[in-house]
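So the structure is just underneath, and the comments pick up after that.
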Amino acid sequence: MATTSEQLPVSLESDSKIPWYLQDLPLYLKGFGILTVIYIGLRLYQGAFAVASGLDSSEPAFEQYWMQLFYVELAVIAVFVTSVWGYLWFSRDRNLDQLSPKDEIRRYFTLTMWISIYTFAVYWAGSYFAEQDNSWHQVAIRDTPFTANHIIEFYFNFPLYIILGGSAWLYARTRLPLYAKGISLPLTLAVVGPFMILVSVGFNEWGHTFWFREEFFAAPIHWGFVIGVWFALGVGGILLQAVSRLIELLDMLEEAP
Amino acid sequence: MSVNISKPSFQPYTGEKARISRAFDYLILVLALFLFIGSFHLHFALTVGDWDFWVDWKDRQWWPLVTPLMGITFPAAVQAVLWEKFRLPFGATLCVTALLIGTWVARIFAYHLWNYFPINMVLPATMLPGALVLDVILMLSNSLTVTAIFGGAAFALLFYPSNWPIFGMFHVPVEYGNGQLTVADLFGFEYIRTGMPEYLRIIERGTLRTYGQYATPLSAFCSALLCSLMYTLWWYIGKWFATVRYLNKI
């Protein structure tokens, strides 16, 4: 039997085993997969080249293996932020007042996926590579703000989670009626607070010009990072906002088996 | 005599609505896991940090004071939301478990497998027994005051005994170069840490150690008092961050 173009979307929809509210689940899982490959790839790169060429910033090999990586990271970050934020803004929904309850529920799920990807990036930046900073600076002399771990932690991981947090904020602002009418305070806190961690890098490196040989992790010079990450607790407020709206939306749906 | 328990006024979701609700729960679980590993671990590493990283920092005076005091913060803030709004009695356990996952992954892959520190030198401490008690006290009492006083104190007082089976063996004395030190000290002297000259190591400073065997209980009870206060402060910080306000402009 021939398949006409009019029939195609219908047959695809009926074959799909993914429920309508989890339509973006495959993209979400791909996002997790891509980020995992990137972070593990960077850790393997450190394992291969940090001891061989990352101990002394005045060596030509440092320029070749580490500063080149830094320039590549900057380019990747610039392209990524422009394309993702540009896409989210230019594809915004201009008819939010006509959004059906089903579509709004689906978009709340997608927003939660965006925030989840954001927290996954926060994990790598705030947990794994952050502690690894201490480990590396106990075996290397930190004679530059661009050490073999900083190049990944400060100048790639931090911008990346900020971009993903900003993407979640933009998604909510451009696709969900409540977030478009008003600016969600907890979502803004949860995105802007951790952004200030990147700004604290300047304070941190300025301080380390005085104590450039020391890596005392609990020192007050690091507390700028700490205050920034407290704002991640704003996710509790985002959850409450989402749950209360989802309850209203579920009441608007008809019962289905 | 029977107790008259009123029936809940809401109807549980069924069918598709129940599946939607359950799917949202699972999404939140994944989100929360990485959120608390990332955020609580960064807070913990940059406030307790060195006392948790290195076995020779785990002393009788500062380690039992600083670790519970900084460790009760996120558990209190998360309990304020999970218990107050959702009646979920595992906020503290969730935070501490997330922290343990983050620290173990980092100690193995960042310290041991990259820079070859012996894993015994960088074992993380545990706050899990204290977190379980904190959650149970909140669940049974349903009271901020009771949980702050008894739960906060228990969180601090349980810290040292629950870690002693892990770290006690590193505190046995050895004679080395005609001086007495512990096995943990020996780790610190033998494995060079370029970023940590000896003057940075904050352990057993002052005269508390001259109190002999009372140094640890004194530190623990001092921590118990401070944890009660810290718990209350962070309960309100958690509530403040969990605002549902929308603003007109920022």
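Just so it is clear: chains get the letters A, B, ... in the order the sequence lines come, proteins before strands, and each one is counted from 1.
Atom CZ in Arg245(B) sits 10.0 Å away from atom CG in Leu189(A) (nearest 0.5 Å).
Proximity to chain A is limited to the side chain of Ile202(B), based on heavy atoms less than 4.5 angstrom apart. Contacts of Phe44(B) with chain A are absent, with no heavy-atom separation under 4.5 Å from either backbone or side chain.
Using a 30° and 60° split on the angle between ring planes, Phe24(B) and Phe109(A) fall in the perpendicular class, above 60°. Between Tyr246(B) and Tyr179(A), the ring planes lie perpendicular to each other; the angle is over 60°, past the 30° to 60° tilted range.
With hydrogens and angles ignored, the 3.5 Å screen pairs no side-chain donor or acceptor of Lys85(B) with any backbone N or O of Leu240(A). Formation of a donor-acceptor pair under 3.5 Å by the Ser135(A) side chain with backbone atoms of Ala110(B) is found in this model. Without hydrogens or angle criteria, Glu131(A) side chain to Ala106(B) main chain gives no donor-acceptor distance under 3.5 Å.
Less than 6.0 angstrom separates the ring centroid of Trp230(A) from the ring centroid of Trp234(B).
Chosen from Trp240(B), Tyr111(B), Phe34(B), Trp114(B), the residue pairing most often with chain A at heavy-atom distances under 4.5 Å is Trp114(B). Comparing Leu82(B), Leu31(B), Ile250(B), Val30(B) by heavy-atom pairs within less than 4.5 Å of chain A, the highest count is held by Leu31(B).
Summarising the local packing, OH of Tyr21(A) is surrounded by more than 12 heavy atoms from other residues, nucleotides or ligands at distances under 6.0 Å.
When each of Thr112(A), Ile115(A), Thr110(A) is tested with Leu27(B) by the rule side chain to side chain contact (heavy atoms under 4.5 Å, CB included), just one qualifies, namely Thr112(A).
Contact residues of residues 63-75 of chain B toward chain A are Phe74(B) (heavy-atom distance under 4.5 Å). Residues of residues 117-129 of chain A lying under 4.5 angstrom from chain B, judged on non-hydrogen atoms, are Thr119(A), Phe120(A), Val122(A), Tyr123(A), Gly126(A), Ser127(A), Tyr128(A) in numerical order.
At a threshold of 4.5 Å between non-hydrogen side-chain atoms, the residues Gln138(A) and Phe117(B) count as touching.
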